[in-house]
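In what follows, chains carry the letters A, B, and so on, assigned in the order in which the sequence lines appear, proteins first and then strands, with residues in each chain numbered from 1.
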Number of protein chains: 2
Amino acid sequence: MESAVSFEKLVEQFRRMPGIGSKTAMRMAFYVLSLSHEDAIELSETIREASEKIHRCPKCCNLTDEELCPICRHTARKQSLICVVENVEALMAIENTNEYKGVYHVLHGVISPLDDITPDDITVKELLSRVSEDGVEEVIMATGSNVEGELTAMYISKLLKPLGVKVSRLAYGLPVGSDLQYADSVTLMRAIEGRQTIT
Amino acid sequence: MESAVSFEKLVEQFRRMPGIGSKTAMRMAFYVLSLSHEDAIELSETIREASEKIHRCPKCCNLTDEELCPICRHTARKQSLICVVENVEALMAIENTNEYKGVYHVLHGVISPLDDITPDDITVKELLSRVSEDGVEEVIMATGSNVEGELTAMYISKLLKPLGVKVSRLAYGLPVGSDLQYADSVTLMRAIEGRQTIT
């Protein structure tokens, strides 16, 4: 198929994005061409700006375009409670509950020997120096419940122990609204182990 | 949820694209942030460039970044046979068959009274002046087989008739590889009407 070089280039750029197949990439490229020149420039500038301005918060490694991220700057948030998450998506998921009032630490990955990701590749060092300096009381390990998430949580917990802070882990159990018969046996076992007294 | 302003802006820009929901838009924005600064600039520049360079071919209204589109420039293509399509996607679909050796005319839409799209909003005028000037022998109406596509094909056919060119329409019938029992009755009726002698 012969089409404009700039068009092909655009489709290719979109196709590299996660979750975007070649048909969607093409639709996106046609969308760009359907935009007025001003709107296309705005899209282009937004990408450039995001890449230029957004950096890691020097405190919690969350992404921000200001000096400190909004969560670290927030005076009402409990700075002595740190929730350790794998990435910004996980941070956002917890923020969406509107329940957590502590701060975060974003690891930007998990330890994964198979993928050659060591503790040095994620922000473990930053977390340790933060915990030893600030008056941190509790660290919640909120990494995923898969092998890598567990490994990372265990590894960091061991390093945190000598620092004398309380380290906790998110609860395992049944997802709210789910039926017992559809739960896998490992989840069910963990739910029994972690049972809580109600009266 | 409090996150960086430039990030929110980026997600919003992606979310406007066709077929992109808010979760995919967010994944795309994270992808942009995961790029090196050079790669992000390249993406940004590709969008700007496509918007600046790509324009309609003055002959067939296909999108191109050169003076004439590659199909109109192609010396081996039969300039006297014009296939009229709704949009560039349809043109690409026909090109992908590798069978059609004529040229195209892209309408950039279909007549649709309900959506307030009149013949003046699509490139009907360009087609008419092209047919009356060039030595065109046949025009194939390859608009969709829905109401708007049919309407557009009928409308243009009537305008072309006085110009003395042959006007044809894509064949209706069973999709190749399909079973008779699953065909809808209108398609089946058209397939019977359009039956062809095989010996």
* Structure fact -> NZ (B/Lys53) and CG (A/Leu10) are apart, to the nearest 0.5 Å, by 12.5 Å
* Side chain, backbone, both or neither: which part of A/Glu66 has a heavy atom under 4.5 Å from chain B? -> neither
* Asked: Same cluster for B/Tyr155 and B/Leu163 if Ile/Leu/Val/Met/Phe/Trp/Tyr side chains link at under 4.5 Å?
  -> yes
* Report the distance from atom CZ of B/Phe14 to atom CZ of A/Phe14, rounding to the nearest 0.5 Å. => 6.5 Å
* Would you say A/Met154 has more than 12 foreign heavy atoms packed within less than 6.0 Å of its CE? -> no
* Could you tell me which residues in residues 43-50 of chain A have at least one non-hydrogen atom under 4.5 Å from a non-hydrogen atom of chain B, sorted by residue number? => A/Leu43, A/Ser44, A/Glu45, A/Thr46, A/Ile47, A/Arg48, A/Glu49, A/Ala50
* Asked: Quick one: do B/Ile94 and B/Leu63 end up in the same hydrophobic cluster if we chain Ile, Leu, Val, Met, Phe, Trp and Tyr together by side-chain heavy atoms under 4.5 Å apart?
  -> yes
* Options B/Arg16, B/Gln13, B/Glu42, ranked by heavy-atom pairs under 4.5 Å with chain A, top entry -> B/Gln13
* Structure fact -> If one checks every heavy atom of B/Glu12 against chain A at 4.5 Å, the contacting part turns out to be neither
* Structure fact -> Answer key: most heavy-atom pairs under 4.5 Å with chain B among A/Asp39, A/Val32, A/Leu33 is A/Leu33
* **A/Glu138, CD atom: more than 12 neighbouring heavy atoms under 6.0 Å** => yes
* What residues of residues 100-114 of chain A sit under 4.5 Å from chain B when you count only heavy atoms? -> none
* Asked: With a 4.5 angstrom heavy-atom cut-off, which part of B/Glu52 approaches chain A: side chain, backbone, both or neither?
  -> both
* Asked: Given the rule that I, L, V, M, F, W and Y join up when any side-chain heavy atoms are under 4.5 Å apart, are A/Met189 and A/Leu174 in one cluster?
  -> no
* Kindly work out whether a path of hydrophobic side-chain contacts (I/L/V/M/F/W/Y, heavy atoms less than 4.5 Å apart) joins A/Ile41 to A/Leu35. => no
* Report yes or no: do B/Met92 and A/Tyr31 belong to one cluster of Ile/Leu/Val/Met/Phe/Trp/Tyr joined by side chain heavy-atom distances under 4.5 Å? => no
Could you list the donor-acceptor pairs under 3.5 angstrom formed by side chains in residues 20-30 of chain A, with sequence neighbours left out?
none

* Who pairs with A/Arg56 by salt bridge (charged side-chain N to carboxylate O under 4.0 Å, His left out), at least two apart in sequence or on another chain? -> none
